[in-house]
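Here the structure comes first, spelled out in structure tokens, and everything after it is commentary.
For the numbers below, each heavy atom of this structure counts, side chains included, while hydrogens, waters and symmetry mates do not.
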Amino acid sequence: MVTPNKTRTYGAQYHISCHDSIAMEDPNNLDPDGTFPTTLPRSGRLELVARDLTRNINRRYAIEHCVDLFGGHLVETSWGRCGTWGQSKRHSFDDPADAERAVRNHLRRRARAPRRIGVGYRVVGEDS
């Protein structure tokens, strides 16, 4: 018998447990060195969070670059509110330079978040 979900997250417990450590961090602590990444780390994945709890802003954004079995370069972006499943989109490129250009464009837009939404994204999951 399946027990009912009493937390009203409708099956999003994986993302909630994934991001519990993010919720414990200081929301006022932006990037310590004041820089925003323009490329992905060696792992090919970067996770960002924009959070201002007084204004109910609680966003997450992830971008990943990898190569598929056929040699195509995939750039996958996923975004949404922290603690939800969110959305994702995957683009395929034949040329690695085009894929890296797409990553730079995505990161450039995330760097402009303070002007657009009033709070900046910060790196939370950088694997090296």
Are the side chains of Ile63 and Val75 in contact, using a 4.5 Å heavy-atom criterion? yes
Please check if the side chain of Arg55 supplies one atom and the backbone of Ile117 the other of a donor-acceptor pair under 3.5 Å. yes
Same cluster (ILVMFWY, side-chain, under 4.5 Å), Leu74 and Leu46: no
How far does CZ of Arg90 sit from SG of Cys66, to the nearest 0.5 angstrom? 7.0 Å
Taking the side chain as every heavy atom from C-beta outward, state whether Ser88 and Glu76 have any atom pair closer than 4.5 Å. yes
Straight-line distance of Asp95 CG to Glu100 CD, nearest 0.5 Å: 9.0 Å
Hey, can you tell me if Tyr121 and Tyr61 have their rings parallel, tilted or perpendicular (30° and 60° cut-offs)? perpendicular
Reported CZ-to-OG1 distance for the pair Arg42 and Thr39, which is rounded to 0.5 angstrom: 12.0 Å
Pick one: which of Arg60, Lys89, Arg110 meets side-chain contact (heavy atoms from CB on, under 4.5 Å) with Trp79? Lys89
For the CG atom on Asp68, are there more than 12 heavy atoms of other groups (residues, nucleotides or ligands in this structure) within a distance under 6.0 Å? yes
Hey, what do you get for NE2 (His106) to CG (Leu40), rounding to the nearest 0.5 Å? 10.5 Å
Does atom CZ of Arg81 have more than 12 heavy-atom neighbours, drawn from other residues, nucleotides or ligands, at distances under 6.0 Å? yes
Just do the side-chain hydrogen bond (donor to acceptor under 3.5 Å, both in side chains) check on Arg51 and Asn58 with the steps written out, would you? CA-CA 5 Å; Arg51 186 168 280 170; Asn58 198 13; 2.7 Å; yes
First locate atom OG1 of Thr77, then atom NE2 of His91, and finally report the distance between them rounded to the nearest 0.5 Å. 5.5 Å
Do the non-hydrogen side-chain atoms of Val119 and Ile57 ever get within less than 4.5 Å of each other? yes
Quick check: do Leu48 and Val124 have side-chain heavy atoms less than 4.5 Å from each other? no
d(Arg59 CZ, Cys82 SG) to nearest 0.5 Å is 11.0 Å
Please name the pair of heavy atoms, one in Glu64 and one in Arg45, separated by the smallest distance, quoted to 0.1 Å. OE1-NH1, 3.2 Å
Crowded around Arg115 CZ? As in, over 12 foreign heavy atoms under 6.0 Å? no
